[in-house]
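So the structure is just underneath, and the comments pick up after that.
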Amino acid sequence: MKASKGHRMRPTNGMLAGAFGLLLALLAGLLPTLWGGPAPAEALPQMPHRLYGAVTVNGAQAAAGLTVSAKIGGVQYASTTTDSQGRYGYDPAFTVPADDPDTTAVEGGTAGQTVNLYVESYAGGSTTFEYGRVQNLALTATVPTPTPTATATATPTATPTATPTAMATDTPTATPTATPTALATATPTPTATATPTATPTATITPGGPTLTPTPTATPTATLTPTPTAVSYQGPVATIPAATGGSVSSDDSSANLTVAAGDIAANTNFQITRHVNDPAFPQASGSFTFAGKQLSINAFDPGTGSPISGFTFSNPVQVCFTYDPADIPGTDPSTLKIKQYNSSTALWEDLTGITVNAATHTVCGFTTHLSYFTLAAPAMPTPVSGGGGGGGGGWTPPTATPTRTPTATAGPPTATPSSPETATPAPVATATPAQGTIILAKGWNFIAAGWYLADPSVGAVFGGVADRVYHFNSETGAYDFASKSAEGVWSGTLAQIEPGYGYWVNSLLDGPLTYKYDDKAKPAPSHALPAGWSMIGYVSRDLTPSTSIGAYLASLSGKWASVYRYSPNTGFEIAKPGFGFTSMDYGRGYWIELSEAGTLMP
């Protein structure tokens with residue numbers, strides 16, 4: 001644990017019981033005031049710093065495909081490329097992740113750190129890291145124009161020492177002609193013509209700068225840089241369907257193993273290793289590349305043509321070897337192999353992942369081919385700032401999930417109670433409905449969906465979770481509930497209310513079922529201050545989703561940013577006209593208001 005990452009209260013099971021628990025609860029309300037902002041009792045997932053804007057190179061709009069990167073203390077934490085309009089961070093989003101204070105590795109930034117931006121290898125600008133900030137930052141890069149080294153070339157003058165009077169005659173035959181014979185018999189004085197000073201025009205390309213001099217005279221001096229974007233194709237291997245086989249990358253750092261019966265017919269396979277390839281899909285804010293980036297392709301052995309959409313009959317194994325120097329401070333057990341899903345534009349974990357720290361090998365299974373990469377966690381981290389309004393200048397609270405979540409939040413289904421729970425005689429009120437959300441082990445950002453039949457924290461979460469947090473925007477501090485080793489819940493948070501968001505630390509991967517109260521109750525409304533608040537999706541009829549514009553209609557013109565969180569994909573952002581487009585059942589959200597308003601979903 002990083003002791004240097006600021007002050008944090010960390011209540012453990014059993015600490016909040018009795019008078020000692022009351023003392024800690026009082027301190028929890030006091031310390032935020034002493035520290036100038038909310039103090040989360042846990043390392044809750046923290047929102048990243050998002051950047052976007054125009055890129056100018058030597059006074060002109062940047063070309064498409066230039067690499068834009070963000071570094072803190074010389075370490076790169078984000079990378080993207082410019083689009084056709086010379087911009088970065090529009091699509092895909094460009095986010096600098098926050099650091100996780102509960103690990104020895106440094107996964108991103110902390111409030112107040114300087115973030116330096118680069119266009120290719122040239123400084124383009126800088127800013128200060130702020131949790132949750134969305135910033136339009138134009139980058140301006142100046143590329144030096146080095147003077148090419150002139151090489152003096154002795155160029156013999158083709159004019160012999162014949163008398164110039166021959167040139168004055170109008171008779172063409174009198175014009176002396178420089179021939180090898182004339183040069184051999186004459187003794188001309190060679191004139192050394194130095195290469196003139198060129199006025200180079202610098203043009204940045206994704207592989208590095210190419211200086212194309214525009215000389216005022218010949219000869220021309222051209223500097224040819226070494227390209228940085230390279231693809232290394234490994235050997236093509238024919239794998240028989242009857243026996244299976246394997247294929248490796250050019251440097252043997254990755255391999256694909258196919259067992260007998262995994263393919264329907266003999267097939268050729270090839271692994272290509274990508275280095276600084278701008279076409280390779282970018283890593284999301286929830287992980288970073290940790291070594292090799294590959295693509296694996298299948299070919300018809302008869303024609304040599306690529307086989308599009310190739311799938312295996314059974315899962316096949318993909319293995320990477322890693323260099324510990326590529327993952328300093330990272331626990332090897334957290335490494336994953338991820339595969340790019342072009343349909344969803346998301347990176348997904350392979351199944352059955354195993355890590356052998358002794359052989360530096362990571363393996364997993366897949367049923368289809370695409371881009372593959374070795375990935376290390378780049379988790380979002382906690383919050384420790386306070387107060388403030390729009391513009392993202394305040395550090396809104398949030399949390400760090402477990403580093404290997406396996407379940408994803410899925411759309412819930414509202415179903416009536418089973419007949420066994422209904423009373424035999426007719427009743428005037430409707431039977432309470434229930435709904436289910438799927439939790440991943442670790443931190444989840446959720447909401448109740450409607451009024452609960454029993455909203456007490458213990459009744460809602462029981463043995464499913466052990467910690468729950470909600471940021472109280474009125475007090476500027478976290479309300480929390482913690483379960484002791486004896487199963488007793490205590491803290492400043494007593495009930496789960498509809499319309500609010502909650503951080504919940506789940507003890508397992510699996511469902512959480514809500515039992516709801518009568519739908520006849522009036523819909524909740526919440527007064528929210530300027531700045532950041534935690535809200536949740538609520539729907540009387542448990543509608544799975546509502547467009548973000550409709551759901552936030554009562555805050556139209558006042559909301560600036562909304563963040564949601566998934567253990568698998570990390571934080572995602574929406575702004576008016578940009579980003580995700582719906583508010584969904586079971587989800588909690590951070591919302592930033594430019595002025596106070598009332599949420600009336």
Side-chain angles (χ1 to χ4, degrees), residues 5-6 36-38 40 43-55 68-73 76-80 87-101 106-118 124-139 284-286 378-400 445 471 473 476 501 528-535 555 558-565 570-580 589-595:
K5 293 296 182 180
L44 302 174
Q46 174 56 40
M47 289 177 282
H49 186 146
R50 179 172 181 263
L51 296 160
Y52 67 99
V55 180
V68 175
S69 58
K71 296 182 180 181
I72 299 175
Q76 179 175 307
Y77 292 104
S79 177
T80 189
R87 309 174 306 178
Y88 76 103
Y90 283 80
D91 185 17
F94 181 71
T95 57
V96 181
D99 182 36
D100 178 356
V106 179
E107 298 86 357
T110 57
Q113 286 188 310
T114 298
V115 182
N116 292 307
L117 284 300
Y118 296 86
S126 64
T127 187
T128 300
F129 186 89
E130 297 181 37
Y131 299 115
R133 185 177 184 185
V134 179
Q135 181 182 9
N136 185 339
L137 179 65
L139 304 182
S284 72
S286 63
M379 291 301 178
T381 52
V383 83
S384 59
W394 175 57
T395 56
T398 23
T400 298
F445 197 18
F471 179 70
S473 55
L528 305 175
W532 291 94
S533 298
M534 284 173 62
I535 65 172
L555 300 174
K558 298 179 180 180
W559 69 275
S561 302
V562 176
Y563 277 93
R564 66 186 184 187
Y565 177 82
F571 282 102
E572 297 174 281
I573 186 175
K575 296 181 73 66
F578 175 86
F580 61 86
Y589 298 87
W590 277 109
I591 186 169
E592 179 192 23
L593 300 185
S594 57
E595 58 181 281

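As the structure is a computational prediction, the values presented were derived from the model and not from experiment. Only heavy atoms go into these numbers, but all of them, side chains included; no hydrogens, no water, no symmetry mates.
At least one side-chain heavy atom of Tyr131 sits less than 4.5 Å from a side-chain heavy atom of Thr110. In this structure, Lys558 and Leu528 have side chains that are not in contact, with every pair of non-hydrogen atoms separated by 4.5 Å or more. By the 4.5 Å heavy-atom criterion applied to side chains, Tyr88 and Leu137 are counted as neighbours. The shortest side-chain heavy-atom distance between Pro92 and Thr80 falls under the 4.5 Å cut-off. A 4.5 Å side-chain heavy-atom check between Val134 and Glu592 finds every atom pair outside the cut-off. The shortest side-chain heavy-atom distance between Ile72 and Val106 does not fall under the 4.5 Å cut-off. Tyr118 is listed as a side-chain neighbour of Asn116, based on a closest heavy-atom distance under 4.5 Å. With contacts defined as side-chain heavy-atom distances shorter than 4.5 Å, the pair Tyr52/Asn136 qualifies.
Scanning for ring-ring contact (aromatic ring centres under 6.0 Å, His included) contacts around Tyr589 gives an empty result, with sequence neighbours left out. Remark: Arg564 pairs with Glu572, Asp584 by the salt bridge (Lys or Arg N to Asp or Glu O under 4.0 Å) rule, at least two apart or across chains. Evaluation of the ring-ring contact (aromatic ring centres under 6.0 Å, His included) rule for Tyr77 yields no partner, not counting sequence neighbours.
For the pair Thr128 (side chain) and Gln113 (backbone), a donor-acceptor distance under 3.5 Å is absent.
The distance from the CD1 atom of Ile535 to the CG atom of Leu555 is 7.0 Å, given to the nearest 0.5 Å. Between the CD1 atom of Ile591 and the OH atom of Tyr563 there is a distance of 13.0 Å, given to the nearest 0.5 Å. Rounded to the nearest 0.5 angstrom, Ser79 OG and Lys71 NZ are separated by 10.0 Å.
When all heavy atoms of Pro48 and Val96 are compared, the closest pair comes out as CB-O, 3.2 Å. Nearest approach of Ala530 to Glu595, heavy atoms of both residues: CB-CA, 3.8 Å. Nearest approach of Gly501 to Phe445, heavy atoms of both residues: C-CE1, 4.2 Å. What you find for Phe94 and Leu117 is that their closest heavy atoms are CE2-CD1, 3.8 Å. Residues Arg50 and Gly89 approach most closely at NH2-O, 2.6 Å, considering heavy atoms. The shortest heavy-atom contact between Trp559 and Pro576 is CH2-N, 3.5 Å.
Ring centroid separation for the pair Tyr565 and Trp590 does not come in under the 6.0 Å cut-off.
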